[in-house]
Amino acid sequence: MRRPVQVVLLALTGIGLLHAALFTDLYLRYVKEGLRPLLIVSGVTLLLLALAGAALDRGHARHTSYAHGHDHTGAPRVAWLLFLPALSLLLYAPPALGAYTAARSNDKAVREQKGFDPLPTTSPLPMTLTDFTTRVQQDHELAILGRTVRMTGFASPAGRGGGWYLTRIIFTCCAADSQSVKVRMYGTEVPPANTWLAVTGTWHHKGRLGTRAAEAALDVRSSEHISPPVNAYTDDLPLTPS
């Protein structure tokens, strides 16, 4: 790989990062939203390095390394593979993480919570999977009992025993450290894996409510297909594209 090609690679990578971070939501498939400024800075830096490299090459176009008819500035042939991720940022949107990842990632631990605020009277009550799980297993006031809640996530198989989970994948920093949070669904057919759903129902009575023995599970009353929300890799209430 000659120097001019290396410069092109730097430029393509920088443009790809800027394209993903400035003009699309594609970067959210790799990192948390808070890292967007760092991606922009990285993209600008790579472009500046490419411009600086091009300027230096132009100034040394007939350097000593070319005087003998040989170019000693090349890189190993395997370096050509670096073009694949650079081009993918511009031309190919990677598939979203889903049921396959959830089945192999660690479940996010539910933090200990000592006190709970009163639940709003809204019905159905919008809740995140984490909030629902925390209420089910730690709220000694049993405020979730009999309440109709509405949660969103994607379907993932429950394994050998059948059934399915409503699932969200959460990034702590990036895709490499993803964890999942799941709520078991009862009373409905198993939807195709990775189908995004808004599910309404009540807590499924299994285990002692308000203790760790209680299962984070829902008796489904209704469900509807939805598009993946903008904040697909958090367990926040869903944001929809504007």
Side-chain angles (χ1 to χ4, degrees), residues 1-58 73-76 78-111 128-131 134 152-154 156 167-182 194 196 226-242:
M1 182 186 289
R2 296 177 180 273
R3 276 294 297 265
V5 181
Q6 296 174 32
V7 169
V8 171
L9 177 59
L10 281 174
L12 279 177
T13 305
I15 293 171
L17 282 176
L18 292 176
H19 174 263
L22 289 175
F23 304 110
T24 72
D25 294 321
L26 184 61
Y27 73 98
L28 293 174
R29 296 189 179 184
Y30 303 103
V31 298
K32 291 187 69 173
E33 185 177 8
L35 295 179
R36 184 182 189 185
L38 294 179
L39 291 180
I40 294 172
V41 170
S42 299
V44 171
T45 301
L46 289 173
L47 277 179
L48 291 176
L49 288 173
L51 292 174
L56 288 174
D57 285 347
R58 185 172 295 181
T73 61
V78 71
W80 285 94
L81 294 177
L82 293 173
F83 272 96
L84 295 178
L87 290 173
S88 71
L89 289 171
L90 289 169
L91 304 175
Y92 173 70
L97 301 183
Y100 180 87
T101 302
R104 290 158 180 80
S105 63
N106 296 322
D107 291 342
K108 186 174 177 61
V110 178
R111 293 182 179 180
T128 66
L129 305 188
T130 299
D131 288 343
T134 304
T152 62
F154 63 86
S156 64
T167 307
R168 295 293 290 261
I169 289 178
I170 304 170
F171 288 175
T172 302
C173 174
C174 60
D177 60 18
S178 62
Q179 295 179 303
S180 62
V181 57
K182 306 172 185 175
N194 299 315
W196 277 86
I226 61 171
S227 299
V230 174
N231 53 337
Y233 297 117
T234 67
D235 190 29
D236 300 325
L237 293 178
L239 300 175
T240 55
S242 57

Tyr233 and Leu97 have their tightest heavy-atom pair at OH-N, 2.7 Å

What pair of heavy atoms forms the shortest contact from Ala21 to Leu39, and how long is it? CB-CB, 4.1 Å

Which atom pair, heavy atoms only, marks the closest approach of Trp196 to Arg168? CH2-NE, 3.6 Å

For the atom pair CG (Leu17) and CG (Leu46), what is the distance rounded to the nearest 0.5 Å? 6.0 Å

Check each of Leu9, Ile15, Leu10 against Thr13 using the side-chain contact (heavy atoms from CB on, under 4.5 Å) test, and report the only one that passes. Leu9

Does a side-chain heavy-atom distance below 4.5 Å link Ser178 with Thr101? yes

How long is the straight-line distance from NZ of Lys182 back to OG1 of Thr130, given to the nearest 0.5 Å? 13.0 Å

How far apart are the closest heavy atoms of Ser180 and Ala102, and which atoms are they? OG-O, 3.8 Å

I'd like to check the side-chain hydrogen bond (donor to acceptor under 3.5 Å, both in side chains) partners of Asp131; sequence neighbours left out, ordered by chain and number. Thr128

Just wondering, do Leu18 and Ile40 contact through their side chains at under 4.5 Å, heavy atoms? yes

Distance in Å, Asn194 CG paired with Phe154 CZ, rounded so as to fall on 0.5 Å steps: 6.5 Å

